[in-house]
Amino acid sequence: MPSALRARLPYLALVAATIGVGLAVHGDRHLLSAAARDVAGDALWAAMVWWGTGLLAPATGRGKRALASVLFCFAVELSQLHHSPGLDALRRTTFGVLVLGSGFDRRDLGAYVLGVTLAALLELAALAARRRRGRPGSQGSA
């Protein structure tokens with residue numbers, strides 16, 4: 001397997017797993033309160049964006065990936081301040097609300113930072129565990 005593909009596969013799996021967890025969190029109305037589901041969903045969405053930056057640019061340093069992930073999340077949130085008939089119609093679809101959100105909420109910005117931070121820390125912990133087992137990781141550095 002080519003090394004470029006090998007570097008991307010874990011990120012692809014993590015994107016898929018995070019989407020699954022996010023859909024489960026939003027789908028089970030009894031699991032968490034509405035406010036907790038909202039924050040958890042936003043943090044998971046930001047974590048998925050973090051994994052996506054790893055998928056697209058696995059050799060890029062974690063600091064740059066974190067900044068790009070947070071800025072992307074913030075841009076999507078700020079885009080919710082803009083309204084047009086077509087965009088609002090898209091936001092009323094399941095796909096639109098999951099990808100673009102539905103309405104601006106300042107609290108979401110904090111959830112995005114939390115999600116990216118936790119995902120980055122999880123990645124660092126996984127790489128440290130891998131190194132301890134004697135398999136050095138070649139992912140980007142901060």
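Just so we're clear, the structure is a prediction, and the values are computed from it rather than from any experiment.
Under the 4.5 Å side-chain contact rule for hydrophobic residues, L124 and V49 do not share a cluster. Note: the hydrophobic cluster containing M48 does not contain L118 (ILVMFWY, side chain heavy atoms under 4.5 Å, direct or indirect links). Linking Ile, Leu, Val, Met, Phe, Trp and Tyr residues whenever their side-chain heavy atoms come within less than 4.5 Å places L109 and W45 in a single cluster. Cluster membership for L114 and L122, using ILVMFWY side-chain heavy atoms within less than 4.5 angstrom, is not shared.
Through direct or relayed side-chain contacts under 4.5 Å between Ile, Leu, Val, Met, Phe, Trp and Tyr, L67 connects to L71. Taking Ile, Leu, Val, Met, Phe, Trp and Tyr as hydrophobic and joining them when side-chain heavy atoms fall under 4.5 Å apart, one finds L87 in a cluster with L90, F95, V99, L100. Using a 4.5 Å cut-off between side-chain heavy atoms of Ile, Leu, Val, Met, Phe, Trp and Tyr, V21 falls into a hydrophobic cluster with V25, L31, L32, L44.
Residue I19 holds its CD1 atom at 9.0 Å from CG of L98, rounded to the nearest 0.5 Å. Taking CZ of R62 as the start and OG1 of T53 as the end, the distance is 11.0 Å to the nearest 0.5 Å.
The stretch residues 94-103 participates, sequence neighbours left out, in no side-chain hydrogen bond (donor to acceptor under 3.5 Å, both in side chains) pair at all. Residue pairs satisfying the salt bridge (charged side-chain N to carboxylate O under 4.0 Å, His left out) criterion with at least one member in residues 78-96, sequence neighbours excluded, are listed as follows: D88-R91.
Under the salt bridge (Lys or Arg N to Asp or Glu O under 4.0 Å) criterion, R107 pairs with D38, D105, not counting sequence neighbours. Under the rule for a side chain to side chain contact (heavy atoms under 4.5 Å, CB included), L56 has no partner lying at least two apart in sequence or in another chain. Evaluation of the side chain to side chain contact (heavy atoms under 4.5 Å, CB included) rule for L14 yields W51 as partners, not counting sequence neighbours. A57 is linked by a side chain to side chain contact (heavy atoms under 4.5 Å, CB included) to T60, counting only residues two or more places apart in sequence or in another chain. Residues satisfying the side chain to side chain contact (heavy atoms under 4.5 Å, CB included) test with A111, not counting sequence neighbours, are V39, D42.
Remark: F74 CZ is packed, more than 12 non-hydrogen atoms of other residues, nucleotides or ligands lying under 6.0 Å away.
Of all non-hydrogen atoms in A119 and W50, the two that sit nearest each other are CB-CD1, 3.4 Å. The shortest heavy-atom contact between D108 and G103 is OD2-O, 4.4 Å. Considering every non-hydrogen atom in both A46 and V116, the closest pair reads O-CG2, 3.7 Å. Across all non-hydrogen atoms, the minimal contact from R65 to Y11 is NH1-OH, 3.4 Å.
Between the R8 side chain and the P58 main chain, no donor and acceptor come within less than 3.5 Å of each other.
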